[in-house]
Amino acid sequence: MTTTDGLVARSSDRLRALWREDRPAYALWSCLADPVVAELLAAGPFDTVVVDLQHGLATASELPGMLQAMRAAGLAPAVRVGWKDPATIMRAVDTGASVVIVPMVDSAADAALAAAACRFPPSGARSWGPMWGDVRADGALPPATQDAGVLCLVMVETRAGVEALDEIVATPGVDGVFVGPNDLALGCGYGRSTYRDEPEVDALLQRVVDACRDAGKVAGLFCSDVEMARHWAGRGARLLSAAVDTSLLRRGMAEAWAAASAPIAGAAGA
Ligand code: 3PY
Ligand code: MG
């Protein structure tokens, strides 16, 4: 999808339009580090695609090619950065991320640092790279226009993050919280339990969703499957990962093999 001025429509526009109507947005989570895969995923029906630099295979070296392929396919992409430091966040935004998901945010100070790294002064502290105006048309847009296209979501997934939840959601420039339920359970002493088998994990997730909604911010959640995504959409989360590219590949391969290797009626050996 391109706008009339030839720029790739901002993924944040698509997400914001859904959220204005209080509808959930579904993301495809990408762990594969290949521009061709990125192009394929970006051309699909999901509301956004998240390139995972923390636990996926892509590194800062692959990111430019992947984001370029996604933007060329009409999607302005999301990136879960590898860590919460401003240099890493600024690099992702420079490279073309429209949604930045920042892991392991423990405090309002962490959240403020993440939000500031996504926007230029006076709103934030992002550094201006004039060379991006040569690479992409939107790199030359005025600072405030670029700022408006970026969403900053901070991950609450530690005990400290839960304790600071109210201050984190109230932090100016933070558009929402994206929960990492695996780290959250581990960090809060529930090991590998999930909302499905541990009521206290269930209550923790709901607490984050409710805190976001009360503060007028978006609640996001990493989900391990479509069932979980739909379940939490029903409980108020508004950005949900519904599938992971590696899992889709593994499941598709298993299904294809099961179909291919099934006995053929009437054939020898059936
Ligand atoms: C978590 O569940 O902790 C995540 O960050 C998902 O990758
Ligand atoms: Mg995590």
Side-chain angles (χ1 to χ4, degrees), residues 24-33 38 41 46-59 62-63 66 77-85 88-89 92 97 99-107 110-111 113-114 151-165 168-169 174-198 200-209 211-212 218-233 235 237-250:
Y26 292 103
L28 188 55
W29 201 266
S30 179
C31 292
L32 294 169
L41 302 181
F46 282 86
D47 297 311
T48 190
V49 177
V50 183
V51 178
D52 187 356
L53 292 186
Q54 188 188 24
H55 292 299
L57 293 164
T59 67
E62 284 89 32
L63 194 64
M66 292 176 70
V79 174
R80 194 253 294 264
V81 292
W83 195 241
K84 55 189 170 184
D85 62 293
T88 303
I89 296 168
V99 182
V100 183
I101 300 178
V102 182
M104 296 281 186
V105 166
D106 286 334
S107 62
D110 277 357
L113 216 54
L151 283 170
C152 176
L153 304 178
V154 298
M155 293 192 75
V156 166
E157 50 181 353
T158 59
R159 192 190 292 271
V162 172
E163 282 163 6
L165 178 62
I168 290 172
V169 294
V174 165
D175 296 292
V177 166
F178 195 87
V179 183
N182 294 281
D183 281 319
L184 187 70
L186 275 172
C188 292
Y190 300 108
R192 296 288 296 132
S193 299
T194 73
Y195 78 98
R196 289 177 163 122
D197 52 38
E198 175 50 74
E200 290 188 26
V201 173
D202 183 281
L204 253 183
L205 297 185
Q206 189 66 58
R207 195 172 137 205
V208 181
V209 170
C212 287
V218 173
L221 180 63
F222 180 87
C223 297
S224 44
D225 52 39
V226 175
E227 189 203 349
M228 178 174 176
R230 289 177 58 83
H231 175 86
W232 283 97
R235 291 175 64 173
R238 286 293 169 263
L239 178 62
L240 307 111
S241 64
V244 180
D245 55 3
T246 45
S247 309
L248 292 177
L249 203 53
R250 177 201 273 260

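Just so you know, ligand 1 is whichever comes first in the structure, and atom 1 is the first atom listed for that ligand. Keep in mind the model is a prediction, meaning the values are calculated, not measured.
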message: Given 3.5 Å as the limit, does a donor-acceptor pair link the side chain of D47 with the main chain of A27, or not?
response: no
- request: Would you check ligand 1 and list the protein residues that come within less than 4.0 Å of it by any heavy atom, ordered by chain and number?
  value: R80, M155, E157, G180, P181, N182, D183, F222
message: For D245 versus L32, what's the shortest heavy-atom pair and its separation?
response: OD2-N, 3.2 Å
query: Nearest to the Mg ion (ligand 2), which N, O or S atom of D183 do we find?
result: OD2
field: Exceeds 12 heavy-atom contacts within 6.0 angstrom, atom CZ of R230
entry: no
- line: The side-chain contact (heavy atoms from CB on, under 4.5 Å) partner of F178 among I101, L240, V208, V99 is I101
field: Pairs flagged by side chain to side chain donor-acceptor pair (under 3.5 Å) wherever residues 153-165 is involved - sequence neighbours left out
entry: D106-T158
- prompt: Does the R80 side chain pair with the main chain of V51, one donor and one acceptor, at a distance under 3.5 Å?
  reply: no
task: With the Mg ion (ligand 2) as the reference point, give the N/O/S atom of E157 that is nearest.
output: OE1
field: Exam field: side chain D175 to backbone L153, donor-acceptor pair closer than 3.5 Å
entry: no
